[in-house]
Amino acid sequence: MGEPTGAIYGVINMMRKINQDYQADYVACIFDAKGKTFRDDLYPDYKGHRPPMPDDLALQIEPIHKAISAMGWPVIAKPGVEADDIIATLAEIATQNDVNTIISTGDKDIAQLVNGHVSIVNTMTNETLDVEGVKSKFGVLPEQIIDYLMLIGDSVDNVPGVPKVGPKTAVKWLNEYGSLDNLVENADKIKGVVGNNLRENIPNFALTRQLITIKRDCEIDDFFSDMSDLARKPQDPETLREIFDHFGFRTWLRELTGDAQAVPQQDARVAHDIPETPETVDYVTVDTPELLEDCLKQIQAASLVALDTETTSLDPMMASLVGTSMSIHPGQGWYIPLAHKGNMLAQQLDKTMVLEKLRPWLEDDSAAKVLQNAKYDTHVFANEGIKLKGIQDDTMLMAYVLESHRSVGMQDLAQRYLGRKGVDYTDLCGKGARQIGFDEVDIEKASFYACEDTDFTLQLAGLMHPLVVAEEGLDRIYRLEMWVSEVLAKIERNGVKINEKALQQQSHEIGQKLVELENKAYELAGQPFNLNSPKQLAEILFERMQLPVIRKTPKGAPSTDEEVLTKLAQDYPLPATLLEYRGLAKLKSTYTDKLPKMINPRTGRVHTNYAQAAVITGRLASSDPNLQNIPVRTEEGRKVRTAFVPEKGGVIMSADYSQIELRVMAHVSDDASLQLAFAQGKDIHRATASEVFGVPLEEVSAEQRRAAKAINFGLIYGMGAFGLASNLGITRDAAQSYIDRYFERYPGVATYMNLTRAKANEQGYVETVFGRRLWLPEIKGAKGPRKAAAERAAINAPMQGTAADLIKMAMVAVQEWIEKEGLKTMIIMQVHDELVLEVPQDEVDLVKSRLPELMCGVAELKVPLVAEVGMGPNWEQAH
DNA sequence: TTACCTGGCTCG
DNA sequence: GTACGAGCCAGGTAAT
């Protein structure tokens with residue numbers, strides 16, 4: 001099915017404009033389909049670089065064709081044309097029909113406005129045809145067919161705030177909306193235009209999106225500026241909705257997608273009624289003492305209040321409160337501006353005064369509040385010396401528990417659950433380098449935005465909460481996530497002490513080594529080049545030095561990654577040098593240089609951010625800085641860990657679950673042999689080797705154990721013989737026989753994998769032991785490699801997800817215990833299966849004995865959980 | 001100059 | 001095409 005986004009966008013605009021201002025007589029619908037008809041004789045440089053024409057080209061054309069037909073206009077749809085053909089076709093239409101206006105689609109390559117006069121440019125051949133040129137080539141003067149050229153699509157392309165959409169976003173859209181129909185239902189959300197490169201990446205997007213209108217009897221400047229204006233305002237949702245309805249787009253597309261509709265939803269999602277959009281809203285800016293009193297009185301009396309903060313920074317530890325908003329009814333909201341800059345200061349109540357008035361309510365555990373990502377606001381209030389309490393619900397976490405694979409951003413939730421499109425943060429503050437702080441935003445605009453946020457939050461909570469509690473498993477996971485959110489806020493705030501000097505010293509040493517390696521590389525290469533550039537490196541290795549190309553990247557460039565360099569290093573000296581350089585450069589730029597810069601000047605510690613709703617399996621993700629990927633596998637890398645230190649008089653303690661995912665596999669697969677091995681406390685890889693290779697436990701060789709370990713890990717990831725073979729450097733047949741033997745010895749595992757695959761295919765999701773639901777949108781519908789990938793994810797998800805559930809429960813248990821005992825011990829990091837704590841000396845014995853008990857006692861699986869504890873003067877030595 | 005993408009590398 | 005899940009960095013390039 002043709003991808004309508006960009007094209008529809010252009011068509012809508014075109015139709016609106018035509019309908020309103022320009023009475024078109026004729027619409028030419030001409031598609032630049034490339035592919036088979038591409039004229040190699042004309043464009044030799046492009047030979048071989050063109051994708052084949054998609055088989056369903058006609059289908060792709062149909063949407064636009066029908067759209068235009070629906071207007072009652074005649075249409076010429078003609079695929080497989082190039083610049084010259086388009087011009088010729090236009091000429092044909094113009095001469096054969098007595099027309100005033102022609103609307104055409106085409107490619108921007110073919111036309112260009114030059115000095116208010118039309119010329120025709122073919123950017124592929126660089127051939128420019130002026131008036132005479134057109135005449136001689138086509139036998140008709142351009143004035144006869146055109147007065148003005150306008151590229152609607154192109155204008156939209158270049159409008160600030162309307163992003164150009166690349167293949168990733170386009171695919172994301174398709175996945176997100178599931179079907180063309182859905183996409184259209186959400187048309188007012190579509191912002192952007194499909195870019196040229198889509199054609200090469202996704203055949204379905206081959207539909208060209210530019211629309212050229214050709215207009216007679218109109219001042220060219222006016223027309224151009226009108227069109228530009230139009231293109232700049234396409235995101236107005238109401239207007240778009242109107243246009244859609246007016247032209248019957250929904251009906252039209254439903255007809256078109258009749259087949260698609262018959263296919264069941266790919267990611268069946270929770271059903272709910274989208275509420276009516278309210279006619280008006282009651283949003284109040286609280287800027288007088290009277291209004292403040294009124295607001296206070298009402299929030300104190302309310303049973304549930306949606307709360308939100310506006311701040312100066314996305315970094316929660318650095319953010320300063322600019323304003324706060326509350327809602328107690330749908331369509332209603334208060335915004336209390338507190339720190340908007342400049343001449344807006346006079347329009348605000350005193351920040352300190354307001355916060356003191358709010359404090360009792362904010363800190364009241366019995367005053368129920370609902371927030372979107374409460375962890376952030378907890379930090380913001382903490383920065384102002386306020387302990388936010390009474391967090392009853394978190395809409396972000398509800399959304400995450402319901403559908404962890406989809407966006408949990410406020411805007412997306414509002415769209416999905418409320419059918420509303422709110423003001424986007426970037427609409428207010430811009431983005432990137434030109435982004436302004438929220439304290440620079442007009443109070444009036446800020447107020448609407450902030451009130452809308454809490455308004456949405458309250459409504460979302462009302463809609464999502466019943467969906468969550470309706471399912472026992474989801475409810476349990478949601479309550480866990482609420483606890484985890486609170487614990488994470490504490491861990492983030494605790495931060496971790498970094499030995500800045502040690503890292504600087506390491507940076508210095510690495511820097512010197514890098515210079516040496518660089519010079520050595522230049523010598524071996526016979527010329528200087530940028531060692532950090534894969535592109536330049538590929539030129540040196542594969543062109544200049546003529547080394548064999550081992551593998552290519554997805555884009556077709558010769559790969560220079562570790563695997564390739566390692567192989568080349570067997571025969572040549574340069575790759576080995578590069579490998580060493582790469583490792584050290586990564587170490588320096590990402591860790592030894594970066595971490596000291598991340599130290600918070602106020603606390604003197606590094607505060608990571610744990611994203612609780614980012615990973616589809618339920619894991620956490622750490623960022624800014626990411627403390628979950630600090631090096632450990634190499635000697636030099638581990639040095640970085642020695643810089644993670646306790647305050648004076650304390651130690652670093654680390655506790656990690658042993659073989660957590662394999663234990664989960666033993667549990668869920670119910671495989672007797674695997675469970676027995678764990679029950680007997682065996683070295684699991686050795687036990688596996690013994691089974692697979694048929695040797696007694698004590699006779700397992702190091703090589704056999706290594707292979708067994710690879711098998712064990714591979715199985716967790718849903719690996720096949722190909723993967724295992726390349727991992728172990730053995731033949732595919734040998735790898736297959738290992739796998740076969742494994743499944744013979746552990747038949748429960750084989751059964752479990754087949755069942756999981758079947759279950760995922762049938763219901764579209766899999767579950768963890770504790771009821772976390774993990775959707776696999778691509779398991780239905782998709783085919784070939786994509787479906788296979790979804791099936792592998794389905795195998796892995798219950799194991800990774802259950803492990804995530806377990807450590808989350810452990811975090812809550814440990815933090816509760818610490819608080820109950822009134823200890824000074826702090827959890828400072830979580831690394832998926834490991835908890836890192838900073839423990840004062842006098843609490844060491846207590847924590848060391850209790851920590852593993854707590855971690856292993858969070859759940860009773862069919863195999864024992866084991867946690868290994870270590871401690872030391874730094875993280876490295878705590879293992 | 002900025003914003004996005006690619007290739008590569010770090011972790012569990 | 002080929003093993004799951006993440007985040008971050010430097011270089012390269014397209015758009016401004």
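These values consider heavy atoms only, across backbone and side chains, with no hydrogens, waters or symmetry-generated copies. Proteins come first, then strands; the chains are lettered A, B, ... in the order of their sequence lines, and each starts at number 1.
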Peer 1: Choosing from dG5(C), dT13(C), dG8(B), which nucleotide comes nearest the side chain of K535(A)?
Peer 2: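 For K535(A), the side-chain atoms sit closest to dT13(C).
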Peer 1: Go through the structure and list residues passing side chain to side chain donor-acceptor pair (under 3.5 Å) with R551(A), not counting sequence neighbours.
Peer 2: D561(A)
Peer 1: Using the test salt bridge (Lys or Arg N to Asp or Glu O under 4.0 Å), find all partners of E509(A) that sit at least two apart in sequence or belong to another chain.
Peer 2: none
Peer 1: Please identify each residue that fulfils side chain to side chain donor-acceptor pair (under 3.5 Å) with K588(A), with sequence neighbours left out.
Peer 2: D593(A)
Peer 1: Phosphate oxygens OP1/OP2 of dG5(C): is one of them under 4.0 Å from a side-chain N or O of N796(A)?
Peer 2: no
Peer 1: Closest approach to the side chain of K431(A), judged atom by atom: which nucleotide of dG7(B), dC11(B), dC4(B) is it?
Peer 2: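 Within the option list, the nearest is dC4(B).
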Peer 1: Return all side-chain donor-acceptor pairs below 3.5 angstrom for residues 792-800 of chain A, not counting sequence neighbours, or 'none' if the list is empty.
Peer 2:
from, atom 1, to, atom 2, distance (Å)
N796(A), OD1, Q800(A), NE2, 3.3
N796(A), ND2, I716(A), O, 3.1
Q800(A), OE1, T617(A), OG1, 2.6

Peer 1: Can you list, by residue number, the residues of residues 714-723 of chain A that have a non-hydrogen atom closer than 4.0 angstrom to DNA chain C?
Peer 2: G714(A), Y717(A), M719(A), F722(A), G723(A)
Peer 1: Mind checking what makes side chain to side chain donor-acceptor pair (under 3.5 Å) contact with R641(A), not counting sequence neighbours?
Peer 2: none
Peer 1: Suppose we call a contact any N or O donor and acceptor under 3.5 Å apart; does that hold for the side chain of R792(A) and the base of dG5(C)?
Peer 2: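 There is none.
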Peer 1: Base, sugar-phosphate or nothing for R582(A)? Non-hydrogen atoms, less than 4.0 Å.
Peer 2: sugar-phosphate
Peer 1: What nucleic acid atoms does N629(A) come within less than 4.0 Å of, heavy atoms only: base, sugar-phosphate, or nothing?
Peer 2: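 Counting heavy atoms under 4.0 Å across all strands, the contact made by N629(A) includes a base.
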Peer 1: Using a strict cut-off of less than 4.0 Å between a Lys/Arg side-chain nitrogen and an Asp/Glu carboxylate oxygen, indicate whether E403(A) and R772(A) qualify as a salt bridge.
Peer 2: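 A salt bridge is absent here (no side-chain N lies under 4.0 Å from a carboxylate O).
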Peer 1: Is there a residue in residues 587-600 of chain A whose heavy atoms reach under 4.0 Å of DNA chain C, and which residues are they?
Peer 2: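 Hits under 4.0 Å, by residue number: S589(A), T590(A), K594(A).
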Peer 1: Excluding sequence neighbours, so at least two apart, what forms salt bridge (Lys or Arg N to Asp or Glu O under 4.0 Å) with K567(A)?
Peer 2: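 Result, salt bridge (Lys or Arg N to Asp or Glu O under 4.0 Å) vs K567(A): none returned.
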Peer 1: List the residues meeting ring pair (Phe, Tyr, Trp, His ring centres under 6.0 Å) with Y742(A), not counting sequence neighbours, and say none if there are none.
Peer 2: Y746(A)
